[in-house]
Amino acid sequence: MSGPLFSIGGLASGLDTQAIIAQLVAIEAIQLNQVTAQRKAVEAEQSAWNRVRSAVTGVADAAAALANPGRLNVPVLTSSNPDAVSVTGSMTDGTALHLAVRQLATNAQVAATGFDSANALLGTGRVTTATGAAALGLTGVKAGPGLAAGAHTLTVTTASAAATLTGTAQTGPVVIDAGNNSLTVTGTDGAPVTVTIASGSYANAADLAEAVNTALAAAGTDVRAAADGATVSLRTADHGSAATLTAAGSFAAATGLAGAANGTDAVIDAGGVTTTLTHERAGDQVSVGGLTLTAGTGGLSAGTATVHVFDTTESMTVADLASLVGRSGAGVSAAVVTTSSGPGGTEILFTSRASGTAGAVTVNFDGFAAAPTLTTVRAGADAQVVLGGRLITRSSNTITDLVPGATITLNKVTAPGEDVTITAAVDPADLLERVKKLVSAYNTAYDTAMREAKSDPTGNAVGPLNSNRSLADLVNRLRGAFTSSVGGDGTYTALAQVGVRLGRDGHLSVDEAAFTKAVEQDRDAVTALLAKTGASADTRVAFISAGSKTPAGEYEIVVTQAAQRARVTGAAFGTLAAAETLTISSGSKTVEYTAGAGADAADVATGLTAAMRSAGLTLTATVVDGAVAITSDGYGSSVSFTVSSTGSGTGLDGLTGTGVDAAGTINGQPATGSGQQLTSADGLIVRVGVTAAEVAAAGGSLALAPLTYAPGVAGSVADLIGSFRDAEGLFSSVEDTIARRLEMYDKRTDDLERYLESYQRRITAQFTALELALARMQSSLPDFSSLANLTPAK
């Protein structure tokens, strides 16, 4: 409110008009002060209600931690030696694993040595890096001059095999004597070699194979024996259909090894160029798609390697090459390392980004005037774990596929004879701690409500919500949710039965001994008392969750359409006549897989599944009636994928797979389907694991055993507070009322302030006019001051 624009301040009247005006305005402002005080009281109510709401929200949070049965009785994973083996995730209650770490997975490293410094010029040449080539059975990969620089894919679509003869299973000790000790083998070179197996009794196939190898090695042949379980086999060192092997003689006849065999050809695809290797042995080289490949021992295995080609220039330094490799995404990092001062003391250390034998790296320098020396610093090694007496290998120290749901991390090799024990067990104190938090949250909310609603006969300390009926309603309803009987499995129906009681002071308390005893006697019954639960006699029906407005009771479930996975099926074929690259896309993920010429449906399904899984696609390829079928793990219309192909052999080109949602009714009302889940209008969610055949057999309407739902104490509390928080709930009602009252006082304040400003101007103008009038009167009167000096006449 502003002051007067003009005032003469009582100059004519001699009155303090400014003070008189201020006093008159103050009298008129009494009503404004009253409104301001009333508004502050409402603001105090608003702050108090916010404190109550915050405290009640704490109760809701604590109740939610108990209401969802999926959060209760979750086994805690522990390791007896987390420094060696740590574990996260989930496992079934009672699971115990005893394992020993024999070897950690390592990343392969190759050093290119002999450089003078990081700034030394390389000159022109080609550098080829390949990751995963060693897992294919290759010891070298070199790019030819006609191959473009950049990334290339190398795939062995069909593994090679040696010519192999397998004997009969050994059921007991085998006795070798003069009557059965002669063996004649003829390998690929066509020269028969006859050996005599040392006489004696051999307890198992491994011992017998060792004796055969001793004789074969002494004779100079590269045919070798191996123990395959309980059988002995003979195999050539070379692979492919050109590899031949025959075995004869008394030993071969006695052990079932007599006969002839040929090896299996490997099929290699490089950049769409396919080559079939009919004969291959260690050290052989073959050119495919601009790459020169060097075979290792043991033949070629199916799989994919990534090849990167880098061209250097006259001005490129050692450091430039290391940077180029590191930035290329080649699956290989490169670092310049100075191992000694002076000429030749600098090297480039190439390290595979992936651990394990599958991530092993090969490096080739070609065309350089002075090529560096390549040294394997460390071969990529797989992690080795002994579990249950069996050796298990993985390419990474982080193992996610040993126990479903659990991630086991290997940190160091365990001491000889040491086993690390991993256990999964429900924490017996978990339920108690959750209940104590809920009780504490309720008591905090109760104390907050009582403090804000307190009364004082003297009138000096009345709470802001002393007369708020909504607060009283909230407290009574919340107390009732904790103390009322609820449905369950029949063992417990009230908190008091498990040691949680309401005292005379309005607070809840927990008898920890009583609660612990109840849990020990029947954990499931205590869980049913607390959490939202649903049960059906039909194992195909599973309770998922319920909403805040889902009433307790029995629900009839009828399925009219079964959920289905996304699926496509190609055309049946024997073997592919030409290589075919399949591209599978689902969401933001895409993967390519090249099936080589000669691959059959099983080869394609196996390789395609591995490629999809490694790319994070939850899809599986199988063989159905001679055709490749691709199926999703998940169900429903939200799951889809597309397939395109460069060829027609698989019949998969242009196919799209989309899942189907379940459909049906719950208590006679249409339910919303999503995957295998059905959701009722009031929020009940169930999973129905039925098949399309079952629905069809029921005439298109499959009635399942009803599900009985009970909210439990924590569920009831959470649902009650959820109703408070609804758009038309108690919280909104109170807050809207407070907001309207504040708005009313704001409007009244504005009106009064405008009135006071007008009033002040009006009376100021009136007093000003009075002073001016008095001044004019005074100026019109005669000046009698001279009369004071007159002398009366005599």
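Values in this document were obtained by computation on a predicted structure and should not be read as measured data. We number each residue from 1, following the sequence as shown.
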Can you give the donor-acceptor pairs under 3.5 Å from side chains of residues 353-363 to other protein atoms, not counting sequence neighbours?
from: R353; atom 1: NH2; to: G326; atom 2: O; distance (Å): 3.0
from: S355; atom 1: OG; to: S395; atom 2: O; distance (Å): 2.6
from: T357; atom 1: OG1; to: D382; atom 2: OD1; distance (Å): 3.3
from: T357; atom 1: OG1; to: D382; atom 2: OD2; distance (Å): 2.9

Could you pull out all donor-acceptor pairs under 3.5 Å where a side-chain atom in residues 596-603 meets a protein atom, sequence neighbours excluded?
from: D600; atom 1: OD1; to: A602; atom 2: N; distance (Å): 3.2
from: D600; atom 1: OD1; to: D603; atom 2: N; distance (Å): 2.8
from: D603; atom 1: OD2; to: D600; atom 2: N; distance (Å): 3.2

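A pairwise comparison of heavy atoms in T157 and A595 identifies CG2-C, 3.7 Å as the closest pair. Between A135 and S301, the shortest heavy-atom contact is O-CB, 3.6 Å. For the pair A305 and G132, the tightest heavy-atom approach, listed with the atom from each and the gap, is CB-C, 3.7 Å. The two residues V232 and A225 make their nearest non-hydrogen contact at CG1-CB, 4.3 Å. Across all their heavy atoms, L147 and A143 have their closest contact at CD2-CB, 4.0 Å. The two residues T292 and S287 come nearest to each other via the heavy atoms OG1-OG, 3.6 Å.
Side-chain contact check for L617 versus V591: some heavy-atom pair is nearer than 4.5 Å. With contacts defined as side-chain heavy-atom distances shorter than 4.5 Å, the pair I399/T409 does not qualify. Contact check for V568 versus L652: side-chain heavy atoms found under the 4.5 Å cut-off. No side-chain heavy atom of T375 sits less than 4.5 Å from a side-chain heavy atom of V110. At least one side-chain heavy atom of L582 sits less than 4.5 Å from a side-chain heavy atom of I584. Taking the side chain as every heavy atom from C-beta outward, V559 and R540 never approach each other to under 4.5 Å. Counting heavy atoms from C-beta on, the side chains of D284 and T294 never come closer than 4.5 Å. I408 places a side-chain heavy atom less than 4.5 Å from the side chain of V85.
Side chain to side chain, T581 and E592 fail the donor-acceptor criterion of an N or O pair below 3.5 Å. At a cut-off of 3.5 Å, with distance as the only test, no side-chain donor of D265 or T278 sits close to an acceptor on the other residue. Of the N and O atoms on the side chains of T131 and S352, not one donor lies less than 3.5 Å from an acceptor on the other residue.
With rounding to the nearest 0.5 Å, the separation of CZ in R224 from CG in L216 is 6.0 Å. Between atom CG of residue L104 and atom OG of residue S396 there is a gap of 10.5 Å, rounded to the nearest 0.5 Å. Going from atom CZ of F641 over to atom OG1 of T590 covers 13.0 Å, rounded to the nearest 0.5 Å. Summarising the geometry, atom NZ belonging to K142 is positioned 6.5 Å from atom CD belonging to Q285; distances are rounded to the nearest 0.5 Å. The distance from the OG1 atom of T166 to the CG atom of L234 is 8.5 Å, given to the nearest 0.5 Å. Once rounded to the nearest 0.5 Å, the distance linking OG of S333 with CD1 of I348 reads 12.0 Å.
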Evaluate the criterion side-chain contact (heavy atoms from CB on, under 4.5 Å) for residue pair N397 and N411; output intermediate values, then yes/no.
-> CA-CA 7 Å; N397 292 318; N411 302 314; over 6 Å; no

Are T275 and V267 close enough, and set up right, to give a side-chain contact (heavy atoms from CB on, under 4.5 Å), and what steps lead you there?
-> CA-CA 6 Å; T275 296; V267 180; over 6 Å; no

Would you check, one step at a time, whether the test side-chain contact (heavy atoms from CB on, under 4.5 Å) holds for V643 with T656?
-> CA-CA 6 Å; V643 185; T656 297; over 6 Å; no

CA sep, side-chain torsions, deciding dist, call: V307, T129, side-chain contact (heavy atoms from CB on, under 4.5 Å) | CA-CA 6 Å; V307 179; T129 66; over 6 Å; no

Verdict with reasoning, D661 to S637, per side chain to side chain donor-acceptor pair (under 3.5 Å) | CA-CA 6 Å; D661 294 320; S637 60; 2.6 Å; yes

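Contacts classified as side-chain hydrogen bond (donor to acceptor under 3.5 Å, both in side chains) and involving residues 640-654 (residues at least two apart or in different chains) are given here: E580-S645, E580-T650. Within the structure, the side-chain hydrogen bond (donor to acceptor under 3.5 Å, both in side chains) test picks out the following pairs touching residues 99-113 (sequence neighbours left out): Q109-T351. Each side-chain hydrogen bond (donor to acceptor under 3.5 Å, both in side chains) pair with one or both residues in residues 565-574, not counting sequence neighbours, appears once here: R565-Y635, R567-T631. Identified under the salt bridge (Lys or Arg N to Asp or Glu O under 4.0 Å) test for residues 625-652, with sequence neighbours left out: R613-D633.
In terms of the salt bridge (charged side-chain N to carboxylate O under 4.0 Å, His left out) criterion, E210 has no residue partners (sequence neighbours excluded). With sequence neighbours left out, the ring pair (Phe, Tyr, Trp, His ring centres under 6.0 Å) criterion links F310 to no other residue. Shown here are the salt bridge (charged side-chain N to carboxylate O under 4.0 Å, His left out) partners of D366, two or more places apart in sequence or in another chain: there are none. For D401, the salt bridge (charged side-chain N to carboxylate O under 4.0 Å, His left out) criterion is met by R394, not counting sequence neighbours. For T92, the side chain to side chain contact (heavy atoms under 4.5 Å, CB included) partners at least two apart in sequence or on another chain are T95. Under the rule for a salt bridge (charged side-chain N to carboxylate O under 4.0 Å, His left out), the partners of D228 that lie at least two apart in sequence or sit in another chain are R235.
T376 contributes no side-chain N or O that, together with a main-chain N or O of R378, makes up a donor-acceptor pair within less than 3.5 Å. In this structure, the side chain of D238 does not engage the main chain of R281 through any donor-acceptor pair within 3.5 Å. The backbone N or O of T691 lies less than 3.5 Å from a partner atom in the side chain of E694, making a donor-acceptor pair. Between the side chain of T164 and the main chain of A162, a donor-acceptor pair closer than 3.5 Å is present. Of the possible polar contacts, none joining the T312 side chain to the L122 backbone as a donor-acceptor pair under 3.5 Å is found. Put simply, the side chain of T236 gets close to the backbone of A163: a donor and an acceptor are under 3.5 Å apart.
The one candidate from T274, T155, T153, T158 that meets the side chain to side chain donor-acceptor pair (under 3.5 Å) condition with D269 is T274.
At most 12 heavy atoms of other shown residues, nucleotides or ligands fall within 6.0 angstrom of atom CZ in R687.
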